[in-house]
Structure formats: structure tokens, C-alpha cells
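Input: a single structure, listed below in C-alpha cells.
Residue numbers start from 1 in every chain, and the chains themselves are labelled A, B, ... in the order their sequence lines are given, proteins ahead of strands.
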Amino acid sequence: MEFVDNSDELNDVAPEVTADTIKYLLNKKKCICGTVFEKNDKIYEYLEKSIKNYPPESIGTATKRYIDALHSCDTINQIFRESFENNVDEYYRLSDGVSTNRRKIDKISRKLDLSNEKIIKETNREYNDLSEKSDGIKTKIILLKDEIERDKKEFDKTQKEIDQKIIINKNNEKLNKIIGITEKILQMLKDAYKAEEENVKNELQKEVQNVYAKVNRGSGKLEITKKYDFKIFTKFNGEYYEDNAKGQGLSTVAAFAFVCGITQMVKNNLKRNDRVHINEPYPLVIDAPFSNMDIGYIKKVSEILPQYAEQLVILVKDDNFEVAKDIFKENDKIGAEWKISLDKYPDGSENQFKTVIERVS
Amino acid sequence: MFEKDYRFWGEHAEMVDSMLIENGGIFDTVYDAFFSAALIGILEGKKSKAYGDRNKHKTIFADKFNNEREKTNLILKTMLLNDNMELKGKNDEKVDRSFRNFATDETTKKMNIKFLEAYAFAGIETLYKTYNEEFLSKDKNKVEIINFIENFMKLYANENEGYQDTRKKIIDMARR
């Protein structure tokens with residue numbers, strides 16, 4: 001440092017350049033700026049002379065630059081140190097402030113701890129009590145929720161059942177209405193039937209009585225029973241007495257009257273229903289009607305029967321047909337006459353297994 | 001001076017590593033630790049040699065030297081000029097190694113690097129010992145670290161006689 005202090009070679013030349021650098025350029029004969037020169041040029045001579053100004057031949061420049069750098073560094077160091085010391089002082093000051101405040105906080109906290117210790121303990125106890133109660137309530141809530149859930153399910157189930165029953169009830173109501181209506185219709189039908197039956201019976205009674213009056217020789221009466229059987233009444237001294245004896249002839253006459261009455265009533269009905277175009281819906285077929293009748297009845301019946309039937313088929317035996325035949329002929333009521341007899345063998349005996357039907361007239 | 005990466009190894013590398021900020025220490029870079037240690041070493045007048053595990057090493061990269069060239073040269077030149085051990089009384093050699101041959105002679109360069117690292121190693125040992133003793137019974141918080149740095153600066157700058165003498169001379173020189 002003494003050497004540096006005493007140095008007088010403090011020339012100003014290019015920094016960081018050494019004698020070797022100058023020698024290198026002289027050897028190349030070309031400057032770093034690109035200028036080319038020859039050995040005896042002015043540039044060459046100038047560079048050659050300047051070697052003595054650079055290390056290692058001269059250290060003046062290096063020394064000067066070192067001193068400058070030292071000075072600069074010292075200045076920077078001084079500034080840095082002052083700044084650092086200021087910052088450190090500030091840091092300590094702030095740290096002290098932080099410590100002081102921390103102590104204050106600790107002090108206050110201790111005070112708070114002491115003064116509030118009782119309250120805190122009490123509060124803690126209350127908090128614990130409340131926590132326990134809260135836990136109990138929470139458990140109850142959970143149980144109640146479960147119960148509610150179960151009730152809700154039960155309610156839903158019951159509601160479904162009620163809904164189903166309501167539907168069934170509605171169906172039942174509907175069914176009951178239908179039954180009611182049906183019963184009413186049935187009652188109406190029954191009433192109508194009863195009324196109609198009464199009418200029919202009365203009409204039949206009237207028609208039958210009418211026929212019976214024509215056929216019967218006496219002044220008796222024929223009455224239709226509920227079961228559509230008939231009773232015969234005989235008039236005596238102005239009063240009717242039921243004739244339970246019902247002689248065969250009278251019974252047959254009554255039966256004819258009954259049949260004729262029905263036939264007449266059917267005809268009347270057809271007329272009312274505008275079905276008169278049907279010519280003969282009920283041909284009247286009678287087998288041996290005159291068997292048990294005396295001649296008086298045979299005459300009456302033979303006169304009346306054709307009046308009630310459009311077509312009358314009578315099966316009779318020869319022996320009791322003569323009277324009736326005469327009357328039919330007289331009234332021109334015989335349309336066709338057929339004879340039914342057993343076939344006869346050549347010897348004149350009857351063949352029981354062969355019937356011969358032949359038209360007589 | 002340093003045209004290539006500089007690598008040192010052994011205990012000093014491990015000590016420096018433990019004092020880096022990235023490991024909870026106080027130095028930003030290996031360069032800062034190494035050259036701070038070199039100044040401490042010369043101020044204490046102590047030198048040391050490398051020892052320990054050669055596989056444990058730290059590196060200052062050439063790029064860092066290039067960026068810090070002026071500072072590096074300034075520190076080394078100042079150390080050379082103020083050396084009171086190896087170069088004590090050898091003023092011509094000091095001038096040659098600091099200026100004349102500083103950047104031109106390879107042998108000088110190698111000698112200077114050895115000179116530098118001897119002081120740096122000693123400084124690393126001092127730093128490491130002080131640093132660990134300081135924080136043996138203290139929390140390594142910001143306040144204590146700043147306190148440590150401040151004390152260290154006082155010890156090796158404000159209150160160091162050698163440093164103050166040298167600085168006085170430099171300031172006087174700069175004023176002329």
C-alpha cells in the first residue's frame with residue numbers, strides 16, 4: 001500500500017489492457033477497430049511506444065484504477081453501512097415495539113384470565129350443561145323423527161287403504177244405484193205385468209165368459225182362477241154357486257170356451273199391434289171334441305168354433321160327427337175332409353201297422 | 001483472475017453449505033461466504049488448508065466470477081497489498097502480484113489463488129465456529145441473525161485496528 005501511495009505512474013490508459021495485448025496487435029498489424037497498418041507506420045510506432053504504459057512494463061494505470069475502485073468501493077460500503085445500521089436500528093426499534101406490545105397483550109390477557117376466570121368457569125359449566133341438554137334433545141329429535149317417519153308410513157298405508165275403500169264405496173254406490181234403478185225397473189215391470197195380467201185376465205175372463213154364455217144352455221158363469229184354471233158357477237135363485245160336480249160335457253164346453261176366449265184375445269192383441277196381415281197365426285186343432293157332449297152341446301160348439309178360428313182342424317170319429325158335420329155344412333165351414341183309416345188286407349181284416357189317409361171332399 | 005469454475009472441497013465446503021440462506025444460514029451465495037471469509041482470515045492473520053471428504057464440495061462458477069470480476073480483483077489486490085504473513089516486507093513481490101503480473105502471468109495467478117483460499121479457509125473456520133457458538137443457545141430468528149451480523153461487522157470493521165488503518169490509507173490515497 002505504501003508503494004501504491006507513493007506511485008507517480010498514474011497515467012490514464014485503456015483499462016484491462018496489458019503489454020501482451022499491444023504486442024499481439026503489433027504482430028497482427030491490425031487494430032481491433034479493423035485498421036490495418038505496416039511496421040513503420042505512425043500507428044505501429046504509437047502502439048509500440050505505448051507498451052511501456054501497460055503492465056507489466058508500467059503499473060501506473062493499474063494502480064490508478066485500483067485506487068479509484070477502492071475509493072468507489074469505500075464510498076459504497078460507507079453508504080451501505082450507514083443504510084444497514086439505520087435499518088438495523090429501525091428493526092430493533094420495531095422489534096422493541098413488538099416486544100413491548102406483546103408484553104402488554106400478555107399482561108392484558110393475564111388480567112382477563114384472572115378477572116374472567118370465574119365467569120369462564122361458570123360459562124363453561126353452563127356450556128357443558130347446555131351441550132348435554134342439546135345432546136339429549138338431539139337424541140329425542142332423532143327418535144321423534146323416526147317415530148314421525150313410522151307414523152307417516154302408517155298414515156300413508158292407511159290413506160291408501162282409505163283411498164281403496166273410497167273407490168270400493170264409490171263402486172258400491174254406483175252398484176247400489178244400479179240395483180236401485182234395476183229394482184225400480186223390476187217393480188215397474190211387475191206393476192206393468194200385474195196390470196197387464198189383470199187386463200189380460202179380465203179380457204180373457206170376458207172373452208171366455210162370452211163364449212161360455214153362447215155355448216152354455218143355462219145361465220151359468222165361468223171364472224178364470226189365479227192359476228188360469230177355471231171355475232164353473234151355476235145360477236140359482238139369482239145367485240151363483242160353484243159347480244164342483246163339473247159334468248164331463250160341461251167341462252168340455254168350458255174348455256172350448258177357454259180356448260176360444262184365448263184365441264179371440266190373441267186376435268184382438270194382434271189387431272191392436274197392427275199385425276192383422278198375419279192371416280192365421282193359430283190354427284185350432286181339436287181331437288175328438290164331441291166325444292162326451294150331448295147333441296145340444298155339439299150343435300152349439302159346432303156353430304161357435306168356426307167363428308173363433310180362421311182354420312179349424314177337427315179330428316172326429318164317424319159315430320158322433322154327423323150332427324156337427326151338418327152344422328158345418330150348413331154354415332159352409334168345411335174346407336176339406338180327409339178320412340184316416342187302417343189299411344185292409346185282401347181278406348177284409350184291418351192292418352194295424354198301416355194307416356191310410358184319403359181326401360173325401 | 002478466475003477464468004474457470006473454482007471448486008473447494010472437504011470440511012470447508014460443508015461449513016459454507018450449512019451457512020447458506022437456503023440451509024437456514026446467513027449467506028446468499030457461496031461467493032459471498034467465500035470472499036467474506038477471505039477478508040476475515042486476513043484480518044485475523046490466519047490461514048488454513050483444505051481437509052475432509054473430497055466428495056463434499058462447493059463451486060463458484062466462472063459466470064459468477066465474470067459478473068463480480070471488479071470486486072473479486074479489488075479484494076484480492078487489497079489482500080495482497082496488506083498481507084503481513086507470506087508477503088510481509090516483500091513490497092516488490094506485492095506490487096508484482098497485485099499489478100504487474102496480476103492478469104498476465106499464470107504462475108502469479110495460481111499463487112494468488114492459493115494465497116486467497118488459505119485465508120478464505122481460515123475465515124470459513126472462524127465464521128463457522130462463531131456462527132455456531134452464537135446460535136448454540138439462541139433461536140435462529142431474524143432479530144438474532146441481524147444482531148450477529150451487526151456484531152460481526154463491528155468486530156471485523158468498525159473495531160478492527162488493521163481494517164481501520166488500511167481504510168484510512170485508502171481514503172487518503174483516493175483524496176490526492
Quick check: are there more than 12 heavy atoms from other residues, nucleotides or ligands sitting under 6.0 Å from OH of A:Y92? yes
Does anything in residues 45-76 of chain B get under 4.5 Å of chain A by heavy atoms, and if so which residues? B:R69, B:L74
Return yes when atom CD1 of A:I32 has more than 12 non-hydrogen atoms of other residues, nucleotides or ligands closer than 6.0 Å, and no otherwise. no
Could you pull out all donor-acceptor pairs under 3.5 Å where a side-chain atom in residues 110-119 of chain B meets a protein atom, sequence neighbours excluded?
| unit_1 | atom_1 | unit_2 | atom_2 | d |
| --- | --- | --- | --- | --- |
| B:N112 | OD1 | B:R97 | NE | 2.9 |
| B:N112 | OD1 | B:R97 | NH2 | 3.3 |
| B:N112 | ND2 | B:R97 | O | 3.2 |
| B:E117 | OE1 | B:Y6 | OH | 2.3 |
| B:Y119 | OH | B:D83 | OD1 | 2.2 |

Euclidean distance, B:E14 CD relative to B:N23 CG, rounded to 0.5 Å: 11.5 Å
Could you tell me which residues satisfy side-chain contact (heavy atoms from CB on, under 4.5 Å) with A:Q78, sequence neighbours excluded, listed by chain and number? A:D74, A:R81, A:E82, B:R167
Contacts of B:F148 meeting ring-ring contact (aromatic ring centres under 6.0 Å, His included) (sequence neighbours excluded), chain-then-number -> B:Y131, B:F135, B:F152
